[in-house]
Amino acid sequence: MEQSSLTFRYKELERAWDGEKVYEVFIGPQHPASGHMRFIVRLDGDIIVNVEPDIGYVHRTMEKLAETKEYIKSIPLFERATIIDSNNITLGYVRALEKLLGIEVPPRARYLRTLLSEINRIASHLYGLGLAGIFINHSTMFMWGFGDREIWLQLAEELTGARLTHTYSIPGGVRSDLPQDFKDRALKAIRYMERRLKDYMKIFFNNPVTVARYKDIGILKKEDAKRLGIVGPNLRASGVRYDARLVEDYGAYREIDFEVPVREEGDALSRLLLRIDEIKISMDIIRQVLEKIPDGPILAEKYLRLIPPKLRKTMEETGRVKFPGLFASLRPPPGEATARVEMGHGEVFYHIISDGSPKPYRVRIVTPSFRNLLLLRYLPVGHRFMDFPAIYGSVDYFPPEADR
Amino acid sequence: MNLREKIEEKLKDIATSIEYPRPDLIVIAVNRDRIMEAAQRIVELGFDHLASVEGVDLPKENAIEVIYHAESYEEELRNTIVELKTRVARDDPKLQSLINVWPNALYLERETWDMLGVVFEGHPELKRLLLPPWWDDIPPLRKDYKVKVEGIIVGTK
Amino acid sequence: MMVLEIIEYIIRLILSPPIFAPIIYPGLVTVLVILLSIIWVERKIAAKVQLRYGPLYVSKPIGGALQMLADATRFFFQEIIVPRDADSIAFLIAPAASLVLPLLPIVFVPAAPSFVAISVEYSLPLVLAISALTPIVIIVMAWAANNKFTIIGGIREAFMVIAYELSLFISALAMAIFYGTLNLEDIVSMQKSLPGVILNPLAAITFFVAMVMATSRLPFDIVEGEQEIVAGPFTEYTGILYGLVMGAGYVQLYILCLVFVELFLSGWYPYIGLLGEIYPALGGVSLFIKAYLLMVFIVFLRSVYGRYRLDQAISIGWKSLLPLSLASVFLSLGLLAAGVVI
Amino acid sequence: MSILSSVKRHIDAISTGLKYLFASSRMTVRYPEYSITLRDNYRGMIRYYKDKCISCSLCARICPADAIKMYRKAGEKKMYPGINYQRCIFCGFCVSICPADALEHTPVHDIAWESLEEMIFPPEEFGREWVSPALEEGARRVKAVFDEKRGLTHVPE
């Protein structure tokens, strides 16, 4: 086993900080930068000696709520953990459910899921990068990130009918087909974004102030990233080539030619730049999806058969799926299934245990932000107080996602 | 030697059962007192971090099942999830903490304590994580904690 | 007849430089107009760069230009809360002082040839010295509020002062050495044909950066650091007190921009004689225009930069600005030795 | 970073800022004066057609937010759905599952109410037609257009 260089100071956790010569600063929960969580930062002079994240301010006990609902009703529920990345977070649940039900997804639906997942990923990264900008008070990056995110939300809205809460993937397929003019509009959006990324580099990522604030800050070593089970861009920026899209068979990723970007430095700047790399890759995937997408049904044959012929006709006309009545009470056979899906923030993990009733016996969801929470505890130690927002910004932590 | 054979060789003497319910999932059940040993052997196989720790309340069997899902970032192992599970008594749910085997169990175990009341012995930080600090009801993920459910019919005049 | 004479007397009194300069131009009234306009300009510029509209719905036909008036009115009538643990006297006095102190040097800044409230031989060091008092007030504020965030902010202010103050003075002195005088009026009159920035660009750059630091503008708005310390020393202020401390930074920016223009951008030249005949201060209007444009550029930097870290700003102050400012002194001496004479 | 490249990067950043300062592109839609026309498939306010309804109550059974309830008048056997917009999350499951096409989305979403009670719509009122209040007050309709240079813009129809 490679020796880990991060000191896991469990002794320190047990230590009472009362009476120590430290300056305790509470960041959050009502605070311009922290969002719905609180940090107790302990300082020795200007140096951080300990950070205690206090989470749970937006906890909704989703796992319990899921136990009280029929299977399909939990899709909009889990969506609300990461509303900025809703197709990716629900896709994990839907995949696990499909494994339990033994449903095959038709190819066109798999491509459409991939399409929306990548649109979501771009939007999620722009959100994270915008926040990384405002954490060092770069308001232009903040506004640009959030502004350009609107383009991808518009595309998602045209595909699904909702701006954020798409509720798009359902067991056996997706809920609506590609609109006529979608390809043309999406390609325009991609070309615009490529042009804009150059300006992003000039005004933010290559800006000497940004480089000074983010370079060589909060370095996460490769071995630590592996041992701590860090996920997503934070992991890949530390040189580990792991992505749930390579692992789990979902969407159309097996049929699409794409690369998983990796950076070696492991510092805050490389975590940000890796997201830019991923935006580029995602745009490339969208191009390929629009090029390769096969014709055919968007819902599994098994369910299509249950829909009355008259409704099937309206389905073809409007491109919107009607549910078979069975959906109100899906009953998977007893058993368990796991699924992993790569979200913008990293890998989400689902474990469903079914007892054969219409409601799950247990649903376990571990979100990427919850796994990355360890970073906020270990990375800032030894850095200056002003580095704390920079590290927080670079980790792309999303409180409602961690709290569930 | 493929992964299944490796796992069976490594764990057959302490596992009470090893199952393969799905192509990407290996389920290993052990007794409560062998959990640390089993975990160490799984880490030696390369599954060096956890995807999840969860508890499943089984009131009929008067037990809580604690499930660890381990995964790996190595190319040859990453397609598989190893599920290690054990049972603890429902009225005295104690288990050895695995934070020294899997460091990222820190928050995952703490959440399981928070939600199901499983006490992880040796965990340095068993205090409220997601629930409010003043919570004194039964742990919410226990089956006897009931959520109010509404009907779908409303009667009118 | 008496009434007319009195009115005439009052008008003459107002128009005499010792009254007109501090009260109307370049003093109080001008400062008020600048405060109301520059913050609007700043918000509009940031909005434009960020693909937004910025303030608009207050006075829509003129692009929301009255937004700051609306904000100020709101501040004025908002309740002032004094924290229980604060030192209330210092807490209440400091904001007023923080606005008055940076305004004070205006009486020594000439606005046109021989148009100044108080004419002294040493106006340059006097102006800089008085404006260097502001940080003390900010530290008092931080201490009086008795809050963790304000105290960190106050300490940051103290660190920042030592980072820029020396370079600000030395680069100004470099120009004084070259021109052989400490009187701003003489310095300007010697730049009639050639602005100082061309002769000594090093001093200009150093003074500019130190000035941005002194006024806590981006990328050096470290004291406020809202992402980690809420609003630094100003955290506990509400209502008009908050308005005053926010305004103080802009007042200081204005004074330092005037000094910069007089040191490096040939002050009120080109002098407009025609306007000067109407009233002497009007002839020097180019001083005001240049200073205003400089302020616009500095507030524009908000939409380009993030914020440096405290230790980085300090190291920029000591490791880059200080050597540069010393080099600018040697450049001035070299120019004198080479016999460059204006 | 050498001084030269650092200076170049500063100049790049400032010139990019200046470029956008003088370029004419804005993303904002000034809402009450302009109203974005939503596309036909937008999942907006839900409209109910009582004449098509077959009282199967699937909509109420699938509603994940308990927003739709079946209303039964005393003494009558048939039930009809009503909606509570305090709860509705616009997932559209009810519309998707309706076997008689008695529910449909309208491309209207900017509705506000003054009190919570007004947000509950029994079957009789569930069928009302929705009009955007902005359009009622004379907002100009704009539609979203993608442009390679300016990204997402909104042009008058």
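Throughout, a chain's letter reflects where its sequence line sits, starting with A, and its residues are numbered from 1. Since we're looking at a predicted model, the values are computed, not measured.
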request  = Only counting residues at least two apart or in another chain, list the ones meeting ring pair (Phe, Tyr, Trp, His ring centres under 6.0 Å) with B:His69.
outcome  =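 Scan of B:His69 (ring pair (Phe, Tyr, Trp, His ring centres under 6.0 Å), adjacent residues dropped) gives A:Phe349, A:His351.
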request  = Identify, with sequence neighbours excluded, every residue that meets ring pair (Phe, Tyr, Trp, His ring centres under 6.0 Å) alongside B:Tyr73.
outcome  = A:Tyr242, B:His49
message = Between A:Ser329 and A:Glu70, is there a side-chain donor-acceptor contact under 3.5 Å, judged purely by atom types and distance?
response =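 A:Ser329 and A:Glu70 do not have a side-chain donor-acceptor pair below 3.5 Å.
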message = Between A:Tyr250 and A:Glu342, is there a side-chain donor-acceptor contact under 3.5 Å, judged purely by atom types and distance?
response = no
Count the heavy-atom pairs under 4.5 Å between each of [options] and chain A, then report the option with the highest count.
{"options": "B:Gly46, B:Gly55, B:Ala105, B:Ser72", "result": "B:Gly55"}
{"options": "B:Asp114, B:Ile81, B:Asp24", "result": "B:Ile81"}
{"options": "B:Leu108, B:Leu131, B:Val149, B:Val27", "result": "B:Leu108"}

Under 4.5 Å from any heavy atom of chain A - which part of [X]:
{"X": "B:Leu141", "result": "both"}
{"X": "B:Glu75", "result": "neither"}
{"X": "B:Lys127", "result": "side chain"}

inquiry  = Do A:Phe327 and A:Lys73 make a side-chain contact, defined as non-hydrogen atoms from C-beta onward lying under 4.5 Å apart?
reply    =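 A:Phe327 does not reach A:Lys73 side chain to side chain.
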query = Under a 4.5 Å heavy-atom cutoff, which of A:Gly56, A:Ala402, A:Pro53, A:Gly229 has the most pairs with chain B?
reply =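 Maximum pair count with chain B is reached by A:Gly229.
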message = Report which part of A:Glu248 has an atom under 4.5 Å of a heavy atom belonging to chain B: side chain, backbone, both, or neither.
response =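 Side chain only.
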message = Quick check on A:Lys99 against chain B: is it the side chain, the backbone, both or neither that has a heavy atom closer than 4.5 Å?
response = both
ask   = Between atom CE of B:Met115 and atom OH of B:Tyr145, what is the distance when rounded to the nearest 0.5 Å?
value = 10.0 Å
